[in-house]
There are 2 protein chains.
Amino acid sequence: MAETREPVRKRTNDPEGMRQRILDVAELAFQERGYHATSLGDLMQAAGVTGGALHHHFATKKALGMAVIAERVAASVEETWLRRIEEAPSARAGVAQVFAAVADELERQGFVRGCPLNNLAHELSLADDDFRMVLAGIFEAWRAAIADRMRLDQEAGTEEGVDPDRFAALTVATYSGAMSMAKTEQDAAMLKVCAEALAAGQGKR
Amino acid sequence: MAETREPVRKRTNDPEGMRQRILDVAELAFQERGYHATSLGDLMQAAGVTGGALHHHFATKKALGMAVIAERVAASVEETWLRRIEEAPSARAGVAQVFAAVADELERQGFVRGCPLNNLAHELSLADDDFRMVLAGIFEAWRAAIADRMRLDQEAGTEEGVDPDRFAALTVATYSGAMSMAKTEQDAAMLKVCAEALAAGQGKR
DNA sequence: CCAAAAACAGGTCAATCGTCCTGTTAATAA
DNA sequence: TTATTAACAGGACGATTGACCTGTTTTTGG
């Protein structure tokens, strides 16, 4: 019998899969612990990757942070907000639905991680101008999607006398602030209260 | 002529002044660079104090962080919000005035540092439960002050049909979120837009 | 099949971090 | 004055950080 001739695969190259696994753990860690509080060693251990692999895909920690923002945070806002707003029967209904859906999800999880965009925006927008500009772009796209949806409603004859941009700004601000309180208080209640107040206008019943 | 007999003061003890100087630089650094991104060495250099003095007044970095939150962040919210809301002719007028005053100040400075409370809340409330609870208490006091002022208005006969707690939550959320965008965009515009939207209700003109 | 490049392993490195320690000086109470 | 304590100086310490480097293996283009 001849000696085993199998090429004995010690490793399987999967660059895209490896990259995504790194982004997975980086996204979670940056959100839960913060960018500066997370070390590359933490990520290597959590993802089960070596320093060589990490450095191969992301030369610096900043490059990894930029990738998390551009690919994951932006996608998260798109999934949670942009898509649902587009598909909603109206801008106002879409906004109410997102607030309710997020609040429900948080209560099921029993843990409030906060808004992915705001979490990183607060920590990084003053630390680095590259971070700041990418984050600002996501905020802008978020508002634009809501304002565009409101303009559609207006073309259909409803919502007269409403400034779409103003409505969008108030919506994003209210959500961001409500989530900030929900995170600090570890309770989704503020999200619900603010959704009601926003729908009623000026806190009236 | 006898040799100089002055006690040659090499140092002047001023424990409270030293403590406040440390808090001064820590407050600024934690706001502009963040808690984790600021090293104690940074603070020692900026304040011109030695490690011994720093450690004497604040045994750990966390103790310093807690002091900044309890003494400086809380005071900042009190000064910017609680006092002005109490003195305002009405809750609604007070809210509008604070928004305008802050926006004006930011434009004069040409730089948006963000909301002191939200800045630290985002970075620290998931990192440490002690931090989180103190921060949550400040949010609560902030909302309570606005709600209390609104109740006063109602006792005077105005603002019927408004839920004070709901109004307070919406106000704090809107301000927090608007400031978050203003910080990320380094532009006070969102603060003004959101103030208008809040005053108009639901973004209507 | 073979060369070249990409993908990954595993470790080194200087720099920096927060903590804590031992002295020295200033304030205070007796 | 003297004794005691608080206030500060200045540095040591191990642990950790992000960057990077040299090999080895896998994949790919010709």
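As a basis for the values below, the full set of heavy atoms in this structure was taken, side chains included, without hydrogen atoms, waters or symmetry mates. Predicted model only: the values in this text are computed from it and were never measured.
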Heavy-atom donor-acceptor pair, R11(B) side-chain to dT25(C) base, under 3.5 Å: yes
Rounded distance (Å) that lies between atom P of dG18(C) and atom CG of L54(B): 10 Å
Any side-chain donor near an acceptor of the partner, Q31(B) and E27(B), under 3.5 Å: no
Side-chain N,O (S39(A)) to OP1/OP2 (dT17(D)) below 4.0 Å: yes
E123(A) with R33(B): basic N within carboxylate O range, under 4.0 Å: no
For atom CZ of R33(B) and atom C1' of dT16(C), their distance in whole Å: 15 Å
Whole-Å distance separating the CG atom of L40(A) from the P atom of dT16(D): 15 Å
Nearest-Å distance for atom pair CE/P, residues M44(A) and dT17(D): 11 Å
Nucleotide dT27(D), atom P - distance to CD of E16(A) in whole Å: 16 Å
Any H56(B) side-chain N or O less than 4.0 Å from OP1/OP2 of dA7(D): yes
d(NZ, K61(A); C1', dA15(C)) in whole Å: 15 Å
Side-chain ion pair, D165(A) and R151(A), N-O less than 4.0 Å: yes
dC8(C) OP1/OP2 closer than 4.0 Å to side-chain N/O of H57(A): yes
Distance, rounded to the nearest Å, where L43(A) contributes CG and dT16(D) contributes C1': 14 Å
Contact nearer the 5' end of DNA chain D, comparing G52(B) with N13(B): N13(B)
Taking every non-hydrogen atom, the tightest pair across L126(A) and E32(B): CB-O, 3.5 Å
Atom-pair distance (CZ on R21(A); P on dC8(C)), nearest Å: 9 Å
